[in-house]
Protein chains: 2
Amino acid sequence: MNRTASIKDVANHASVAVGTVSNVLNYPDRVSQRTKERVLRAIDELGFVRNDAARQLRAGHSRTIGLIVLDVGNPFFTSVVRAAEDAAALQGSAVLLGDSGHNAGREANYIDLFQEQRVQGLLISPVGDVTERLDLLRERGVPTVLVDRLADEEKFSSVSVDDDAGGYLAARHLLDTGRRRLAFVGGSTTIRQVWDRLEGARRAVKEEPDATLEVLESDGMTVLAGRSVGNTLVERDRADLPDGVFCANDLLALGIMQSLTMTHTFRIPEDIALIGYDDIDFAVSAVVPLSSIRQPTEALGRTAIELLAEEVESGHPRHRAVIFTPELVVRQSTGEPDAK
Amino acid sequence: MNRTASIKDVANHASVAVGTVSNVLNYPDRVSQRTKERVLRAIDELGFVRNDAARQLRAGHSRTIGLIVLDVGNPFFTSVVRAAEDAAALQGSAVLLGDSGHNAGREANYIDLFQEQRVQGLLISPVGDVTERLDLLRERGVPTVLVDRLADEEKFSSVSVDDDAGGYLAARHLLDTGRRRLAFVGGSTTIRQVWDRLEGARRAVKEEPDATLEVLESDGMTVLAGRSVGNTLVERDRADLPDGVFCANDLLALGIMQSLTMTHTFRIPEDIALIGYDDIDFAVSAVVPLSSIRQPTEALGRTAIELLAEEVESGHPRHRAVIFTPELVVRQSTGEPDAK
DNA sequence: GCGAATCTTTGAATCGTTTCATTGTTACGA
DNA sequence: TCGTAACAATGAAACGATTCAAAGATTCGC
């Protein structure tokens with residue numbers, strides 16, 4: 001055997017017309033029991049597998065959805081991807097996954113590839129601004145949903161998470177557990193997410209007249225950056241020390257935790273409460289389990305698929321922007337300070 | 001505009017034959033400058049995008065390669081995927097990624113899907129044993145390369161990493177830096193990888209007449225499992241303590257490090273040297289930067305694509321099993337013990 | 001036993017590309 | 001000026017599935 005069998009081969013082998021084979025595959029009820037069995041046997045004997053390209057050509061569209069993320073290695077996206085795949089599977093579609101790696105060139109390649117594949121639609125968490133290429137897509141009628149990025153509802157549907165609300169949630173939690181001298185640690189506040197989280201925190205702090213918020217810029221958002229911030233804290237006078245620290249992500253928080261626990265100068269959470277953002281796997285297994293803000297990644301992925309389906313089915317591009325609120329996860333690192 | 005333009009529309013718009021448009025796309029040299037410009041303008045004006053389904057139907061095969069991994073969230077696979085994508089892009093193919101999540105059902109779905117897509121070939125890190133379905137694939141002539149799993153060369157090509165060598169490397173390093181009472185920490189040794197790493201370690205220890213190797217089973221391979229192993233170590237008499245601990249993965253090692261640094265009873269690396277496996281991102285930013293064994297994931301992904309290309313091009317299924325040797329990464333957690 | 005209604009099966013047309021034998025055009029040397 | 005070689009452009013056929021109008025078979029009531 002050299003070539004893979006076609007529907008025609010199956011038809012010959014079972015002595016029926018090609019239309020009948022197609023019916024067995026797509027509308028089994030239209031076919032009599034006898035012929036159905038004969039055809040199925042032929043399919044089995046020849047090892048026939050449908051050629052999706054031919055199907056798709058006839059149908060005019062594919063059964064796949066394109067998904068382009070900034071970084072598959074990032075647990076946030078990994079989780080979104082998984083949820084999207086599951087949701088797509090439920091409606092009989094498959095997901096083609098592309099990883100742009102924050103690189104506009106790779107992103108463009110995937111967009112082109114997916115267009116050639118005639119995907120039903122595209123989910124994308126775009127590199128930088130919404131580009132010309134994306135606008136082109138829209139004009140060409142490829143339904144597109146932006147992921148983790150709020151979009152002009154005139155142009156795109158989108159799913160995103162309210163970072164301001166997340167920042168509020170974190171700061172409010174520190175305040176609610178009695179802390180008053182808060183600090184925010186983040187990389188450059190020119191990153192929109194960081195800025196929004198800080199704004200949310202500021203909003204919460206304003207609600208308490210006796211509370212203050214200090215901003216500590218870090219050099220990046222890594223564990224090591226966190227550690228060096230932590231080291232400057234350790235040097236301070238106790239009176240000058242914040243009693244609640246909110247980090248723009250968990251890595252920073254873990255770094256700070258390292259320097260505090262290494263030196264044994266201050267205790268977590270008694271002297272300093274610590275809360276991060278993202279709730280990565282490591283948060284729960286830190287030396288002191290880390291409180292964090294969890295983003296509803298599964299809901300993001302699932303909803304993105306649903307919004308896409310809406311657009312595909314309606315045909316009329318009525319866009320929606322769905323914004324999710326993140327969730328507070330309390331662990332030991334922000335335990336009650338009076339539980340000393 | 002409702003329908004996307006076809007090559008025929010372009011031909012009309014540019015007043016040429018469809019064959020000419022095709023030539024512009026595929027063999028630009030065969031077309032005169034004048035017509036080429038006219039056609040390209042038409043393509044631009046109509047927003048024409050090739051229909052890959054039709055191409056593929058005509059060509060008989062696609063330009064995509066299927067890749068099924070056990071877990072996209074696992075940094076090991078993430079890295080393999082990235083390398084495979086890059087290598088595939090170099091030869092003009094795209095990678096369709098599937099995540100089986102260690103689930104045989106999902107794996108089967110992806111195998112079927114990819115067959116319908118007529119992928120050029122399949123890279124797969126299979127769930128459990130090499131299944132019937134995989135054998136079927138082979139019989140149907142779909143070139144297949146197993147990833148991270150040694151295969152019978154009669155049947156499949158494969159790329160894998162020599163875990164025995166990795167275990168040897170780790171133990172040898174501990175011995176070379178003067179440790180003599182080694183311990184191996186791993187989850188169930190029924191996992192092949194764990195068993196091989198242990199065997200490699202045993203081989204190294206046998207080379208030193210005065211060295212011993214103790215095996216500590218952990219309940220899983222997580223940070224928390226490591227911490228509970230660490231806690232039992234802390235309880236021991238100093239005389240009874242291993243002076244070099246080799247963990248079957250980095251998570252275990254980080255857990256042990258946590259319990260040792262929390263109690264401050266023993267110092268790393270002076271009292272106990274610690275080495276992990278996988279060299280995850282967190283290894284470098286641990287409280288004491290963790291020595292580890294790094295697996296050549298990029299090489300795995302790249303080579304898998306190359307082996308596949310070999311099979312596709314030759315047509316003759318001559319299989320090869322490529323085995324990589326992992327690499328020792330020395331950090332502070334195994335620093336010289338005499339550097340006290 | 002007959003006609004109508006229902007159920008099965010048929011096969012040509014179609015989707016959009018690539019291929020390739022054929023036809024048309026141009027350039028050049030004799 | 002003519003013949004030929006090199007170059008350009010043409011358009012029908014093919015890929016493999018689905019669709020659908022039409023033909024053929026079966027069932028049923030009377």
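Small disclaimer: the values here were computed from a predicted structure and weren't measured. In what follows, chains carry the letters A, B, and so on, assigned in the order in which the sequence lines appear, proteins first and then strands, with residues in each chain numbered from 1.
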Rounded distance (Å) that lies between atom [atom2] of [N] and atom [atom1] of [X]:
X: B/Glu116; N: D/dA17; atom1: CD; atom2: C1'; value: 12 Å
X: B/Gln33; N: D/dA8; atom1: CD; atom2: P; value: 10 Å
X: B/Leu57; N: D/dA13; atom1: CG; atom2: C1'; value: 13 Å
X: B/Glu37; N: D/dA8; atom1: CD; atom2: C1'; value: 15 Å
X: A/Gln117; N: C/dG16; atom1: CD; atom2: P; value: 16 Å
X: A/Lys8; N: C/dA12; atom1: NZ; atom2: P; value: 10 Å
X: B/Ile7; N: D/dT10; atom1: CD1; atom2: C1'; value: 13 Å
X: A/Asn12; N: C/dG11; atom1: CG; atom2: P; value: 11 Å

Under 4.0 Å between a side-chain N or O of [X] and OP1 or OP2 of [N]?
X: B/Tyr27; N: C/dT18; answer: no
X: A/Thr35; N: C/dT8; answer: no
X: A/Ser32; N: C/dC7; answer: no

B/Arg58 (side chain) and C/dT18 (base): donor-acceptor pair under 3.5 Å: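 Indeed there is one.
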
Check: B/Gln120/B/Ser93 side-chain N/O donor and acceptor closer than 3.5 Å: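 Result is yes, a qualifying pair exists.
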
Work out which heavy atom in [X] is nearest to a heavy atom in [Y]; give both atom names and the distance.
X: A/Ile7; Y: A/Phe48; result: N-CE1, 3.6 Å
X: A/Val24; Y: A/Leu40; result: CG1-CD2, 4.0 Å
X: A/Phe324; Y: A/Thr303; result: CZ-OG1, 3.1 Å

Which residue lies more 5' along DNA chain D, comparing B/Asp29 with B/Ala59 via nearest heavy atoms: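 Checking each residue's closest nucleotide, the 5'-ward one belongs to B/Asp29.
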
Spacing of B/Phe77 atom CZ and B/Arg82 atom CZ [to the nearest 0.5 Å]: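 Going from the CZ atom of B/Phe77 to the CZ atom of B/Arg82 covers 15.0 Å.
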
Tell me whether [X] is salt-bridged to [Y], with the criterion being a basic N under 4.0 Å from an acidic carboxylate O.
X: A/Asp52; Y: A/Arg63; result: yes
X: B/Arg41; Y: B/Asp44; result: no
X: A/Asp163; Y: A/Arg192; result: yes
X: B/Asp86; Y: A/Arg106; result: yes
X: B/Arg318; Y: B/Glu310; result: no

Contact residues, residues 13-26 of chain A to DNA chain D [heavy atom, < 4.0 Å]: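 When residues 13-26 of chain A is checked for heavy atoms under 4.0 Å from DNA chain D, the hits, listed by number, are A/Gly19, A/Ser22, A/Asn26.
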
Of residues 48-56 of chain B, the positions that come close to DNA chain D - non-hydrogen atoms, cut-off under 4.0 Å: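 The answer is none.
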
Other residues, nucleotides, ligands: >12 heavy atoms within 6.0 Å of A/Asn26 CG: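 For A/Asn26, atom CG is crowded (more than 12 foreign heavy atoms under 6.0 Å).
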
Option among A/Val69, A/Asp71, A/Thr297 that satisfies the side chain to side chain contact (heavy atoms under 4.5 Å, CB included) test with A/Phe76: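 That would be A/Thr297.
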
Protein proximity profile, nucleotides 21-27 of chain D - base contact B, sugar-phosphate-only contact S, no contact -, cut-off 4.0 Å on heavy atoms: -------

